[in-house]
Amino acid sequence: MSDLTLSATIAEKLATLYQEMEHGYDRVAANIGLTCAGCPDNCCDSYFLHHTYLEWAYLWRGLQTLAPSALEAAIARARLCLAHYREAEEAEQWPSIMCPLNQDGLCVLYLHRPMICRCHGVPARLRRQDGRALHFPGCFRCQELTARPGRSASQAAAIVQVDRTPLLRRLARLEDEFLDDQRGLLPRLKMTLADMLVVGPLDA
Ligand code: SF4
Ligand code: SF4
């Protein structure tokens with residue numbers, strides 16, 4: 001597909017960034033009292049697009065550690081997802097199908113899951129390059145908790161948000177480092193995780 005190869009150094013930097021995202025998520029979730037345990041929803045059926053070649057390469061770094069049968073099964077589920085996305089698009093409906101990496105309610109590639117899986121759920125803010133600020137209220141369960149009656153003003157003020165801005169900037173810098181001399185030559189990426197599975201590894 002391309003001659004992009006993920007070096008150990010860049011993979012480590014991304015793993016560190018992912019850990020920091022997780023710590024930020026955990027701090028905010030603990031503040032709110034949010035946990036996914038016992039939730040009637042499973043956000044792994046959300047439709048997400050991913051935009052970095054680096055996360056694609058890193059995802060495949062993880063996929064290649066799976067047993068061949070588990071990898072084949074995940075790719076088969078990814079094909080079903082893509083068929084569902086096409087049908088949903090034709091019917092002008094929002095897609096809703098479980099991520100191909102979710103098996104029996106759990107992520108089979110937890111350490112390699114992309115950034116959005118580490119941010120979704122808690123309140124967050126993001127300042128775009130054009131200066132516009134976006135605010136994300138968190139998942140439905142988070143919104144129920146933050147709107148809880150009887151919460152004092154100081155408790156409400158203590159509910160912080162994850163600031164996605166510096167995290168995304170670091171991811172963008174790492175993407176540039178990864179793309180190196182191919183930066184600007186490759187098309188802008190807009191892929192679902194199912195696409196990444198079906199298309200295969202970047203350096204294949
Ligand atoms: S992020 Fe929120 S909605 Fe999603 S599984 Fe966790 S608690 Fe439930
Ligand atoms: S990669 Fe893992 S955490 Fe992310 S949506 Fe898929 S199963 Fe869920």
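This one's a predicted model, so the numbers in the text were calculated from it and none came from an experiment. First listed ligand is number 1; within each ligand, the first listed atom is number 1.
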Undergrad: What distance separates Asn31 CG from Thr146 OG1, expressed to the nearest 0.5 Å?
TA: 11.0 Å
Undergrad: Number the atoms of ligand 2 from 1 as they appear, then name those within less than 4.0 Å of a heavy atom of Leu193, with their elements.
TA: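 Every atom of ligand 2 under 4.0 Å from some heavy atom of Leu193: 1 (S).
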Undergrad: Is there a heavy atom of Val122 sitting under 4.0 angstrom from any atom of ligand 1?
TA: no
Undergrad: Using a strict 4.0 Å cut-off to heavy atoms of Cys117, name the atoms of ligand 2 that fall inside it.
TA: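 So the answer, numbered in order with elements, is 1 (S), 3 (S), 4 (Fe), 5 (S).
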Undergrad: Both conditions, 6.0 Å and 45 degrees, for the charged tip of Arg125 above the ring of Phe136: are they met here?
TA: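 Checked: cation-pi criterion not met.
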Undergrad: Looking at Leu34 and Arg141, what are the two nearest heavy atoms and their distance?
TA: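 Closest approach of Leu34 to Arg141: CD1-CB, 4.0 Å.
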Undergrad: Suppose we measure from atom 2 (Fe) of ligand 2 to each protein heavy atom; which comes out shortest, and what is that distance?
TA: Cys107 SG, 2.4 Å
Undergrad: Counting each atom of ligand 1 from 1 as listed, which ones have a heavy atom of Thr35 under 4.0 Å away?
TA: 7 (S)
Undergrad: Strictly distance-based, threshold 3.5 Å: is any side-chain N or O of Arg128 a donor or acceptor partner for the main-chain N or O of Arg132?
TA: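 Side chain of Arg128 to backbone of Arg132, a donor-acceptor pair under 3.5 Å: no, none is there.
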Undergrad: For Gln64, does the CD atom have more than 12 heavy-atom neighbours from other residues, nucleotides or ligands under 6.0 Å away?
TA: yes
Undergrad: Atom 6 (Fe) of ligand 2: which protein heavy atom is closest, and how many Å away?
TA: Cys99 SG, 2.4 Å
Undergrad: Indicate, with yes or no, if the rings of Tyr47 and Tyr85 have centres closer together than 6.0 Å.
TA: yes
Undergrad: State the atoms of ligand 2, each with its element, that fall below the 4.0 Å cut-off from a heavy-atom position in Arg113.
TA: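 Ligand 2 atoms under the 4.0 Å threshold to Arg113: 1 (S), 3 (S).
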Undergrad: Ignoring water, what protein N, O or S atoms are under 2.8 Å from atom 2 (Fe) of ligand 1?
TA: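 Per the 2.8 Å query on atom 2 (Fe) of ligand 1, atoms found are Cys139 SG.
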Undergrad: If the cut-off is 4.0 Å to any non-hydrogen atom of Cys44, which atoms of ligand 2 fall inside it?
TA: 3 (S), 5 (S), 7 (S), 8 (Fe)
Undergrad: Which pair of heavy atoms, one from Tyr58 and one from Ala11, lies closest together, and at what distance?
TA: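 That closest heavy-atom pairing would be CE1-O, 3.8 Å.
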Undergrad: Just which atoms of ligand 2 are under 4.0 Å from any heavy atom in Asn102?
TA: 7 (S)
Undergrad: Measure from NZ or CZ of Arg113 to the centre of the six-membered ring of Tyr110, then state whether that distance is under 6.0 Å and the direction lies within 45° of the axis.
TA: yes
